[in-house]
Amino acid sequence: MKNRVKMVKLNLNKVKKQQTKWDCPLIGYVVGKNPSFKQMLASVYTFWKFMTTPRVFLHNDGYFIFRFENEDDREKVLNNGPYTYDYKVFVLKPWIPNFMRSKESLKQVPLWVVLPNLPIKYWAIENRSRIASYLGKSVCTDGLTTGEDRISYARMLIEMDVTQPLPEHLLIEDSMEILGSRTWIRIGGQNTAKIVWL
């Protein structure tokens, strides 16, 4: 009883222990479509052939939970995106305990942004974050970009407002030299925005 309101007092240690069982899942949903459990399971077998298939759960709120055997498998799935389902955006994000699909904004969608030929001198974490902030809210960077193991392009997952037009170009100030080359940002698998290096 607290403030004359009856409450159930739970064992918090058991709550924490139960939550650790769900440390590695991803939440997924398709923007503008609600596939059935069988349809999503068939897609998972196609999407993630390179690893042990995760357990798939369908929530009544219209989203799926993908439970992986370990964190490495989860990161592989995130880093191998983006994914689409029936030509629609398939959103994947780390699981959070109090997630509610009904409160998700359909404006802000995480998209993989590929920056081909990004000069390696711009790859510092802070500078990558500044580039991401120009487009939206940075979610994560793929492992090969973080480790600088693949330097032909950088790839970042950025939450972007899909109701707004993408920027036509991205200006980067470099006081050390003037770069005259131009390249493209590839968002969601398509060339959609031009970067102009100054």
Applying the side-chain contact (heavy atoms from CB on, under 4.5 Å) criterion to P54, which one of D73, V44, V77 satisfies it? V44
How close do [X] and [Y] get, counting heavy atoms only, and between which atoms?
X	Y	value
M156	R128	SD-O, 3.6 Å
R74	P94	NH1-CB, 4.3 Å
Q39	S36	OE1-N, 2.8 Å
D86	K33	OD2-CE, 3.1 Å

Please walk me through it: do W95 and F66 pass ring-ring contact (aromatic ring centres under 6.0 Å, His included)? CA-CA 9 Å; W95 176 80; F66 306 98; over 10 Å; no
To the nearest 0.5 angstrom, please state how far the [atom1] atom of [X] sits from the [atom2] atom of [Y].
X	Y	atom1	atom2	answer
L26	F64	CG	CZ	14.0 Å
M40	Y85	CE	OH	6.0 Å
I65	Y29	CD1	OH	13.5 Å
L157	C140	CG	SG	4.5 Å
T145	L115	OG1	CG	8.5 Å
S152	L144	OG	CG	9.5 Å

Short question: side chain of [X], backbone of [Y] - any donor-acceptor pair under 3.5 Å?
X	Y	value
S129	I125	yes
E75	D72	no
W123	L118	yes

Just so I know, are the side chains of [X] and [Y] near enough to count as touching, which here means a heavy-atom distance under 4.5 Å?
X	Y	value
N127	K121	no
V56	F37	yes
F99	K93	yes

Is it possible for you to check whether R55 lies under 6.0 Å from the centre of the six-membered ring of F57, through NZ or CZ, and within 45° of that ring's axis? no
Check the surroundings of atom CD in E69: do more than 12 heavy atoms from other residues, nucleotides or ligands lie under 6.0 Å from it? no
Is it true that, when you exclude I151 itself, more than 12 heavy atoms of the residues, nucleotides or ligands shown sit nearer than 6.0 Å to its CD1? no
Do I131 and I120 sit in one hydrophobic cluster, given that two such residues count as connected whenever their side-chain heavy atoms are within less than 4.5 Å of each other, even indirectly? yes
side-chain contact (heavy atoms from CB on, under 4.5 Å), that's the test. Do L10 and V8 meet it? Break it down for me. CA-CA 6 Å; L10 300 178; V8 177; 3.8 Å; yes
